Asker: 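This is the structure, below, for whatever I ask next.
None of these values were measured; they are calculated from a predicted model.
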Amino acid sequence: KYAIGEILLVVIGILIAIQLNSVKQNNDKRTEEINYLKNILSDLNQDKVELEKIIERRNSKANSAKTMETYYHTNVVDNLSEYYSNWTNVLYWEAHNPSLITYKELINSGKVSSLSNERVKQLLLKIDYAYNELFEVREHMYDDYSEYLYRPFADIIDYENAINTWSEPNINIDLSREDVEIALKNKRIKNGFTLASFNNTLLKNQLNEILTKVDSTIVLVEQEIKK
């Protein structure tokens, strides 16, 4: 009888130890997950700030490109400063690279399964996929810029004067009307501004869609952290 009782005590002790170890492991996993979620939330909030900035810049570039395109319809430039300022605003290359560091680390280390909320994982995957689609459009746009704007303008416009006019609107510079008239006769350049307006608008729309996904993911991650 005593032997059976001792065996039962040992078995019960083992079962309790196993249970306690399981609880500890679950707590450790949850702690690790919370840390990942907090880092993901920080990345998403940073990305949101940068997205809002680049969306504004894409919209500005699209509008400037549209203005530049209108010069080719009238062949008249009344205000040289405005021409050079819009010109620089279009040609100044800007790009946003996402701040999804934690999510990328989870993918590379094979630890995406550390996130228990399937909806969070799906949204992060959709954001990553949307960025990859955007990068393809942006790469194509850069090729267009190089072919239709950067190369043709390199031998026409004084870049220094254009950049100074854009960065310091009130600066007094002797701007070349002759250079502008040469550019207005170049159909390749006109097509470049048409493409710049179209592609910057397309990128702006894609960025807005990504921003919507980022906002939704931020809300979901915050809820998951508070659980």
Side-chain angles (χ1 to χ4, degrees), residues 47-99 127 129-214:
D47 200 46
K48 178 179 179 177
V49 171
E50 297 302 321
L51 277 168
E52 289 171 345
K53 289 180 182 177
I54 195 63
I55 287 169
E56 182 181 347
R57 292 298 302 133
R58 288 293 173 211
N59 188 57
S60 175
K61 288 176 179 296
N63 289 337
S64 285
K66 182 62 69 176
T67 298
M68 295 299 292
E69 192 180 2
T70 61
Y71 292 136
Y72 288 83
H73 299 155
T74 62
N75 284 317
V76 175
V77 176
D78 294 323
N79 190 317
L80 285 177
S81 292
E82 286 184 6
Y83 176 93
Y84 278 86
S85 182
N86 280 304
W87 178 91
T88 308
N89 193 38
V90 175
L91 270 71
Y92 176 54
W93 185 258
E94 294 176 87
H96 163 65
N97 294 307
S99 306
I127 291 171
Y129 181 79
Y131 267 121
N132 288 331
E133 284 188 322
L134 180 140
F135 293 154
E136 290 182 8
V137 175
R138 194 173 72 187
E139 183 179 357
H140 179 73
M141 185 173 76
Y142 185 79
D143 291 339
D144 286 346
Y145 265 54
S146 298
E147 178 67 24
Y148 295 96
L149 296 174
Y150 292 144
R151 291 194 186 100
F153 268 123
D155 297 322
I156 299 174
I157 295 292
D158 187 320
Y159 280 33
E160 181 181 4
N161 286 345
I163 292 170
N164 286 336
T165 301
W166 178 67
S167 58
E168 300 179 58
N170 297 322
I171 194 171
N172 186 17
I173 299 178
D174 185 19
L175 300 171
S176 173
R177 182 171 293 277
E178 181 182 354
D179 291 348
V180 171
E181 289 173 353
I182 292 173
L184 289 177
K185 296 176 183 177
N186 192 314
K187 185 175 288 187
R188 178 180 293 272
I189 291 174
K190 187 265 185 185
N191 289 336
F193 286 121
T194 299
L195 289 170
S197 176
F198 175 81
N199 286 321
N200 274 291
T201 300
L202 178 59
L203 284 174
K204 180 193 72 173
N205 293 337
Q206 287 182 297
L207 288 163
N208 271 315
E209 290 176 2
I210 292 173
L211 180 58
T212 299
K213 291 183 176 67
V214 168

Asker: Can you label the angle between the Trp87 ring and the Tyr159 ring as parallel, tilted or perpendicular, going by 30° and 60°?
Answerer: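 If you compare the ring of Trp87 with that of Tyr159, the planes turn out perpendicular.
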
Asker: Give the intermediate values and the outcome of side chain to side chain contact (heavy atoms under 4.5 Å, CB included) for residues Tyr92 and Ile163.
Answerer: CA-CA 9 Å; Tyr92 176 54; Ile163 292 170; over 6 Å; no

Asker: If only side-chain N and O atoms count, and only distance matters, is there a donor-acceptor pair under 3.5 Å linking Asn89 with Ser60?
Answerer: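 Yes, side-chain donor-acceptor contact under 3.5 Å.
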
Asker: Working to the nearest 0.5 angstrom, can you tell me the gap between Asn199 CG and Tyr142 OH?
Answerer: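 Rounded to the nearest 0.5 Å, the CG-OH separation comes out at 14.5 Å.
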
Asker: Can a donor-acceptor pair be found, under 3.5 Å and without considering hydrogens, that links the side chain of Thr70 to the backbone of Thr67?
Answerer: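 Yes, Thr70 side chain to Thr67 backbone: donor-acceptor pair under 3.5 Å.
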
Asker: Shortest non-hydrogen contact from Leu207 to Ile54?
Answerer: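 Looking at all heavy atoms of both residues, the shortest contact is CD1-CG2, 3.7 Å.
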
Asker: Determine, for Glu56 against Lys53, whether the closest basic-nitrogen to carboxylate-oxygen distance falls under 4.0 angstrom.
Answerer: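 Looking at Lys53 together with Glu56, the answer is no, because their closest N to O distance does not fall below 4.0 Å.
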
Asker: Could you check whether Lys185 pairs with Glu181 (Lys NZ or Arg NE/NH1/NH2 to Asp/Glu carboxylate O, under 4.0 Å)?
Answerer: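 Salt bridge between Lys185 and Glu181, a charged N being under 4.0 Å from a carboxylate O: no.
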
Asker: In Å and rounded to the nearest 0.5 Å, what is the CG to CG distance from Asn164 to Asn172?
Answerer: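 These two atoms lie 12.0 Å from each other.
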
Asker: Classify the ring geometry of Tyr145 against Trp93: parallel below 30°, tilted from 30° to 60°, perpendicular beyond 60°.
Answerer: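 Aromatic pair Tyr145/Trp93 classed perpendicular.
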
Asker: How close do Asn186 and Tyr72 get, heavy atom to heavy atom, and via which atoms?
Answerer: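 That would be O-CE2, 3.7 Å.
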
Asker: If you compare all heavy atoms of Ala65 against all heavy atoms of Val90, which two are closest, and at what distance to 0.1 Å?
Answerer: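 What the structure gives for the nearest pair is N-CG2, 3.4 Å.
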
Asker: Counting only heavy atoms from other residues, nucleotides and ligands, does the tally under 6.0 Å from OH of Tyr150 exceed 12?
Answerer: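 Correct, the count exceeds 12.
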
Asker: Search all heavy atoms of Asn97 against all heavy atoms of Arg138 and return the closest pair with its distance.
Answerer: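 Smallest heavy-atom distance, with atoms named: OD1-NH2, 3.2 Å.
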
Asker: Does atom CZ of Phe153 have more than 12 heavy-atom neighbours from other groups under 6.0 Å away?
Answerer: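 Correct, the count exceeds 12.
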
Asker: Is it the case that more than 12 heavy atoms not belonging to Glu168 sit under 6.0 Å from its CD atom?
Answerer: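 Atom CD in Glu168 is crowded, with more than 12 foreign heavy atoms closer than 6.0 Å.
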
Asker: Say whether, by atom type as modelled, one donor and one acceptor occur between the side chain of Ser85 and the main chain of Ser81 under 3.5 angstrom.
Answerer: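 A pair under 3.5 Å: no.
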
Asker: Looking only at heavy atoms, what is the nearest atom pair of Phe193 and Leu91, with distance?
Answerer: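 Taking Phe193 first and Leu91 second, the nearest heavy atoms are CE2-CD1, 4.1 Å.
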
Asker: Can a salt bridge be assigned to the pair Glu94 and Lys61 using a cut-off of 4.0 Å between side-chain N and carboxylate O?
Answerer: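 Yes, this pair counts.
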
Asker: What's the spacing between Lys190 NZ and Leu195 CG if we round to 0.5 Å?
Answerer: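 Result: 9.5 Å between the selected atoms.
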
Asker: Of the non-hydrogen atoms in Gly192 and Tyr148, which two are nearest, and what is the gap between them?
Answerer: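 Looks like CA-CB, 3.4 Å.
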
Asker: When you check the side-chain N and O atoms of Tyr131 and Asp47, is any donor under 3.5 Å from an acceptor?
Answerer: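 Yes, side-chain donor-acceptor contact under 3.5 Å.
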
Asker: Is the count of non-hydrogen atoms from other residues, nucleotides or ligands lying under 6.0 Å from Asp174 atom CG greater than 12?
Answerer: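 No, the 6.0 Å shell around CG holds no more than 12 heavy atoms from other groups.
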
Asker: How long is the gap from CG on Leu149 to CD1 on Ile189, to the nearest 0.5 Å?
Answerer: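 Reported value, rounded in 0.5 Å steps: 7.5 Å.
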
Asker: Let me confirm one number: the CG-OG1 distance from Asn86 to Thr165, rounded to the nearest 0.5 Å.
Answerer: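 Going from the CG atom of Asn86 to the OG1 atom of Thr165 covers 11.5 Å.
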
Asker: To the nearest 0.5 angstrom, please state how far the CZ atom of Arg58 sits from the CG atom of Asn63.
Answerer: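 Separation between the atoms: 13.5 Å.
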
Asker: Is the backbone of Ala95 close enough, under 3.5 Å, to the side chain of Arg57 for a donor and an acceptor to pair up by distance?
Answerer: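 Not confirmed, Arg57 side chain does not pair with Ala95 backbone.
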
